[in-house]
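What you see is a predicted model, and the numbers here were worked out from it, not measured in a lab.
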Amino acid sequence: MHSNVIEQRMQEAHEDFAARGQAVADVLNAEDIQGGGWTAEAGVNVYGSFTLHHPAGFAVHVARLTPNLSGAAGRRLTVDGHYPREFYGDRAPTIGVGLDQPAAWLARRIVTRFLPGYLNVWPKAMLHKRLEKRQTAARTRLNARLEHALPALGPGAVGGGPDRLQSYGSVAHQVEGERTTCRVKARMDNPGTTVDLQLDWVPADLAVRILQVLNPASPLEGRIMPGPRALGAAPEAITTPRILVGEVVHGARTQRVQPQLSSGRSAGERAVFEPWFAPSRTRRPLQMPREAAVHAER
């Protein structure tokens with residue numbers, strides 16, 4: 001019996017607010033508000049509501065939210081806007097209108113008091129929706145790449161669709177004849193541009209290989225080629241390959257090879273004289289020859 005009463009009240013409220021909403025939509029179309037094309041849709045609830053839809057995508061929601069209050073406060077309608085679920089910014093302020101006012105008065109209040117602020121926020125809300133759509137597509141592509149690289153990676157017990165933010169996986173490895181399991185957790189940001197990786201129980205050899213991949217200056221391996229000075233060396237010294245291990249040095253300047261003099265210095269090298277009060281640890285201070293010394297006058 002109780003459920004029948006609730007259904008009857010919902011049906012009465014639906015019919016009442018369907019007529020109210022259609023009357024307001026007719027006024028908005030007659031006044032050519034925002035180019036016309038307004039339609040009304042009544043809600044299914046106990047207290048009554050209707051939504052005014054515009055062909056551009058925005059909509060105005062009118063509902064009775066305070067029926068439990070006494071007096072005029074219990075017979076007021078709240079006017080709010082429809083926003084995409086992806087929008088979390090500041091919304092336009094809601095307004096209140098009387099339940100017993102005619103449709104023309106309600107339509108005028110919506111146009112003068114609510115629509116200016118709502119239409120100012122609506123472009124930003126649609127921008128957030130398009131941005132979220134692009135980010136959702138980027139996360140979907142990144143999840144597909146992660147699963148292709150590690151098929152064991154998936155939503156796990158947390159769940160989630162192809163655009164989820166977190167993925168989990170377990171990978172079995174053989175270490176010294178024993179089977180071990182490595183746990184992986186990948187959490188990406190909303191734009192799908194970076195991923196936080198958490199690895200647990202990683203075998204030592206595998207950890208070293210992962211760090212080698214992350215190393216931006218990876219070692220180089222090559223073969224030393226003989227230079228012009230090695231032409232007179234023994235054939236074994238020239239043809240024997242040797243492995244050169246090094247690293248990439250960014251920003252290093254190429255030095256020109258200077259010809260060597262008989263003294264061992266290069267032709268472009270200038271002699272450097274050290275002061276007598278700061279002797280070098282590897283060289284003795286320069287001393288003037290005895291025959292070149294000048295005696296002080298007495």
Look up atom [atom1] in [X] and atom [atom2] in [Y], then write down how far apart they are to the nearest 0.5 Å.
X	Y	atom1	atom2	value
Ile6	Asn45	CD1	CG	12.5 Å
Leu197	Leu146	CG	CG	7.5 Å
Tyr168	Arg187	OH	CZ	8.0 Å
Thr39	Asn29	OG1	CG	8.5 Å
Leu127	Glu86	CG	CD	12.0 Å
Ile95	Arg76	CD1	CZ	9.0 Å

Establish whether [X] and [Y] are linked, either directly or via other cluster members, by ILVMFWY side-chain heavy-atom contacts under 4.5 Å.
X	Y	answer
Phe114	Val111	yes
Leu199	Leu150	yes
Val202	Val208	no
Leu142	Val184	yes
Leu119	Val121	yes

Glu147 meets the salt bridge (charged side-chain N to carboxylate O under 4.0 Å, His left out) criterion, sequence neighbours left out, with Arg164
Sorted by chain and number, sequence neighbours left out, salt bridge (charged side-chain N to carboxylate O under 4.0 Å, His left out) with Arg20 holds for Asp16
[Y] side chain reached by [X] side chain, heavy atoms, under 4.5 Å:
X	Y	value
Pro84	His128	no
Val97	Trp105	yes
Leu206	Ile210	yes
His173	Asp205	no
Lys124	Asp90	no
Leu115	Val60	yes
Phe17	Tyr47	no
Val79	Arg109	no

*Judged by atom type as modelled, is there a donor-acceptor pair below 3.5 Å linking the side chain of Thr66 to the main-chain atoms of Ala73?*
yes
Report, as yes or no, whether the 6.0 Å neighbourhood of atom CZ on Arg145 holds more than 12 heavy atoms from other residues, nucleotides or ligands.
no
Could you tell me which non-hydrogen atom of [X] sits nearest to which non-hydrogen atom of [Y], and how far apart they are?
X	Y	result
His82	Gly57	CD2-O, 4.5 Å
Ser170	Ala152	O-CB, 3.6 Å
Gln34	His54	O-NE2, 2.7 Å
Arg113	Gly96	NH1-O, 4.2 Å
Ala138	Pro191	CB-O, 3.4 Å
Tyr83	Ala125	CD2-CB, 4.4 Å

- Query: Any luck finding a side-chain donor-acceptor pair between Glu15 and Gln11 under 3.5 Å?
  - Reply: yes
How about Thr51 and His61: does a side-chain donor come under 3.5 Å of a side-chain acceptor?
yes
The complete set of salt bridge (charged side-chain N to carboxylate O under 4.0 Å, His left out) pairs with one or both residues in residues 126-139, sequence neighbours excluded, reads Glu132-Arg139, Arg139-Asp163
query: Angle class for the Trp122/Tyr118 ring planes (parallel below 30°, perpendicular above 60°, tilted otherwise)?
result: tilted
Checklist entry - Which is it for Asn143 and Met188 under the side chain to side chain contact (heavy atoms under 4.5 Å, CB included) test, yes or no, and what are the steps along the way? => result CA-CA 9 Å; Asn143 276 318; Met188 67 181 68; 3.1 Å; yes
